2 protein chains.
Amino acid sequence: MTMPPEERLGSHLKRAEQELMAAKTAAVRPAGLTVPQYAALLALSGSPGISSAGLARACLVTPQAMTVLLRNLEEAGLVERSPHPWHKGLLEIHLTESGRGALARADGRAVLVERALAEEFSPEERDRLVDMLGRCARVLSTLR
Amino acid sequence: MTMPPEERLGSHLKRAEQELMAAKTAAVRPAGLTVPQYAALLALSGSPGISSAGLARACLVTPQAMTVLLRNLEEAGLVERSPHPWHKGLLEIHLTESGRGALARADGRAVLVERALAEEFSPEERDRLVDMLGRCARVLSTLR
DNA sequence: TGGCGACCATCAATGCTTTGATAGCGTCCT
DNA sequence: AGGACGCTATCAAAGCATTGATGGTCGCCA
């Protein structure tokens, strides 16, 4: 209507992110994982025993989305949930052995994608890109 | 595991895109549209009579995703589908009056988001950002 | 102690997206 | 003419994500 797509920064941003998702999806798929599942397992490995809500915050999704995701992971035997020692109603989440294996397999290939992406740029360019992306996120979040 | 999140360009890219989606979702919601619906209506307004498959290509989604999306738009009375004059089985898609109205309302607010984003950067920065995002998409697509 | 507010977990409805499979129609080439 | 190939459209199943609503638990504080 009033603004051509090539002028919309959002179009370019979306396109890049779409390719990123496609590449990562292909990377983690052989491990039997989806990208969100991989992200959750990765966060979980860094914070064992974290709650579902905490994991949701770490992965930048809603608690509801994480509930669904965790149910799938639990049914696949990749994570376990156990009641919190003194806080009734809370659940601690832990990786299973099988979960650790799947994460390791997925991570190896996912890191290759990140490395290929990083190697496209010089260190100065990387810094500039990270800075600009951060500014995008900041200005957009103020609009919300 | 082997690579901290802050070093992963993908994390920053994803974060920025997530904020973009949130801002756009909030922008087009008052018009009763979702972001993908808005994108489809926008593409449709530029190519009246385009097929579902063509629209899917224009929006960078699969034909199946577009079928679902169009069904919702058709049920909402925002688009119409009519059989192709001589090619049986093909369907031409057109905006309805109501669809044009919703698009106009959504577009006005969506453009504000794009403008706020654009104004965060100088023209030189914008060019650099677009260039770098294009390089991201290119290198990632070769991995696929 | 009683209550209020914050947080956690979960159900339900809706929508987008993907992969996989099926089926019709056209075009081009043998 | 017949057949292969390609494009279109659609169904089905599964996962991810959102909003909205519910019910349970803790902790602080009047």
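The sequence lines fix the lettering, A, B, ..., with proteins before strands; numbering per chain opens at 1. Fair warning: this is a prediction, and the values are worked out from it, not measured in the lab.
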On the nucleotide D/dT8, are OP1 or OP2 found under 4.0 Å from the side-chain N or O atoms that B/Arg57 carries?
yes
Does the side chain of B/Gln37 get closer than 4.0 angstrom to OP1 or OP2 of C/dC16 through an N or O atom?
yes
Scan B/Ala65 against the nucleic acid and name what it touches under 4.0 Å (heavy atoms): base, sugar-phosphate only, or nothing.
base
Heavy atoms under 4.0 Å, any strand shown: does A/Thr67 hit a base, just sugar-phosphate, or nothing?
base
D/dC11 OP1/OP2 closer than 4.0 Å to side-chain N/O of B/Arg71:
yes
Is there a side-chain contact between A/Arg81 and the phosphate of C/dT10, meaning an N or O under 4.0 Å from OP1 or OP2?
yes
Would you say B/Asn72 reaches C/dT14's phosphate, i.e. side-chain N/O to OP1/OP2 under 4.0 Å?
no
Taking for each residue the nucleotide of DNA chain D bearing the nearest heavy atom, is the 5' side occupied by A/Gln64 or by A/Val35?
A/Val35
Residue pair A/Thr67 / A/Ser52, side-chain heavy-atom distance below 4.5 Å
yes
Heavy-atom distance under 4.5 Å between the side chains of A/Leu129 and B/Leu129, does that happen here?
yes
Taking 4.0 Å as the cut-off, does a side-chain nitrogen or oxygen of A/Thr62 come that near to OP1 or OP2 on D/dT18?
yes
Does D/dT18 have OP1 or OP2 sitting under 4.0 Å from an N or O in the side chain of B/Thr34?
no
